[in-house]
Amino acid sequence: MIFYLKTWSDILKKRTKAILGFLLILLVILNLTIPSDDDYYEWLEDEYSIQESEELYHYNLDGTQIFDLSTNKTLYGIFAVRQQNFKYVDNGKVKTDGFSSTAFKEVDPDEGLTIRTLEIGSKIFPMKKDNVLWEILS
């Protein structure tokens, strides 16, 4: 009868395969838990009544056109944080040297057209400007 003695290298190989398999499954799960951009824009419409416009970076807020000045999204594996800054678009165009450009109305910073969110799982949570967690993550 042949007896097979497990060596340390056999044990380490099995343990390494198990750990790598676990990490692969964990990475796939983590990648699937962050809400998609479509989920975010549906949430934005439900929470703030901000709807996407047909023009690039333009949105509608209660019949007023707003412009997305910047969107910053940072992924942290199992969650993400996003900051989106909006400005009101003036109805008129400004003409300078034969070129027309979009004019923006001034927005009071206390009005809150900067939207910050924490996205984890299938949930999206709004964050306040003075939130300690936001300061740590950004």
Side-chain angles (χ1 to χ4, degrees):
M1 201 176 258
I2 300 174
F3 292 101
Y4 179 70
L5 295 176
K6 291 187 179 185
T7 63
W8 281 108
S9 64
D10 291 336
I11 293 171
L12 288 176
K13 285 179 185 176
K14 286 183 179 182
R15 192 174 286 174
T16 303
K17 286 180 183 178
I19 290 171
L20 289 176
F22 175 74
L23 288 175
L24 179 65
I25 291 170
L26 184 65
L27 287 174
V28 169
I29 290 172
L30 293 178
N31 208 11
L32 296 175
T33 59
I34 299 171
S36 68
D37 286 341
D38 291 335
D39 294 335
Y40 173 76
Y41 291 118
E42 285 178 24
W43 175 85
L44 196 62
E45 186 173 345
D46 291 342
E47 291 292 317
Y48 292 96
S49 301
I50 297 176
Q51 302 168 342
E52 287 184 278
S53 178
E54 291 182 16
E55 292 183 61
L56 191 61
Y57 303 115
H58 285 77
Y59 296 84
N60 294 316
L61 172 64
D62 298 329
T64 305
Q65 193 174 27
I66 58 176
F67 184 78
D68 179 10
L69 285 177
S70 67
T71 299
N72 299 320
K73 182 176 180 182
T74 307
L75 300 173
Y76 290 98
I78 61 171
F79 65 94
V81 293
R82 183 187 315 235
Q83 177 174 328
Q84 194 166 15
N85 300 312
F86 293 102
K87 280 234 182 203
Y88 288 106
V89 177
D90 197 350
N91 292 336
K93 299 276 185 180
V94 177
K95 290 189 177 183
T96 57
D97 299 331
F99 297 103
S100 65
S101 62
T102 305
F104 297 105
K105 295 179 187 175
E106 287 297 319
V107 178
D108 183 8
D110 295 331
E111 236 176 88
L113 274 170
T114 297
I115 298 173
R116 295 178 174 110
T117 59
L118 172 65
E119 303 168 15
I120 187 166
S122 62
K123 303 289 184 191
I124 300 173
F125 303 101
M127 298 179 78
K128 302 281 185 197
K129 290 180 182 179
D130 55 348
N131 191 322
V132 175
L133 182 59
W134 178 262
E135 295 298 324
I136 293 170
L137 294 175
S138 61

**Q.** Pairwise distance CG(Asn85) to CG(Asp68) - rounded to 0.5 angstrom
**A.** 7.5 Å
Q: Not counting sequence neighbours, which residues clear salt bridge (charged side-chain N to carboxylate O under 4.0 Å, His left out) with Arg116? List them please.
A: none
Q. Would you say the side chain of Thr114 lies within less than 4.5 Å of the side chain of Phe86, judging by non-hydrogen atoms?
A. no
Q.
For the OH atom on Tyr41, are there more than 12 heavy atoms of other groups (residues, nucleotides or ligands in this structure) within a distance under 6.0 Å?
A. yes
Q. Would you say Leu56 and Leu69 are hydrophobically clustered, going by side-chain heavy atoms of ILVMFWY under 4.5 Å?
A. yes
Q) Same cluster or not: are Leu24 and Ile19 linked, directly or through other Ile, Leu, Val, Met, Phe, Trp or Tyr residues, by side-chain heavy atoms under 4.5 angstrom apart? A) no
Q. So which pairs with a foot in residues 39-52 pass salt bridge (Lys or Arg N to Asp or Glu O under 4.0 Å), sequence neighbours left out?
A. none
Q) Arg82 and side chain to side chain donor-acceptor pair (under 3.5 Å): which partner among Thr74, Asp37, Asn72, Thr71? A) Asp37
Q. Considering residues, nucleotides and ligands other than Lys73, do more than 12 of their heavy atoms fall under 6.0 Å from its NZ?
A. yes
Q) Between Ile34 and Phe79, which heavy-atom pair has the shortest distance, and what is it? A) CD1-O, 4.1 Å
(Q) Quick check: closest heavy atoms across Tyr48 and Leu61, and the distance to 0.1 Å? (A) O-CD1, 3.2 Å
Q. Side chains of Thr117 and Glu119: donor-acceptor distance under 3.5 Å anywhere?
A. yes
Q: Pick out which of Gln51, Gln84, Gln65 makes a side chain to side chain contact (heavy atoms under 4.5 Å, CB included) with Tyr59.
A: Gln84
Q. Between Ile120 and Pro35, what is the shortest heavy-atom contact and its length?
A. N-CD, 4.2 Å
Q: Check the pair Tyr40 / Ile115 against side-chain contact (heavy atoms from CB on, under 4.5 Å), numbers first and verdict last.
A: CA-CA 11 Å; Tyr40 173 76; Ile115 298 173; 4.2 Å; yes
Q: Decide yes or no on side-chain contact (heavy atoms from CB on, under 4.5 Å) for Lys87 and Leu113, but give the supporting numbers first.
A: CA-CA 7 Å; Lys87 280 234 182 203; Leu113 274 170; over 6 Å; no
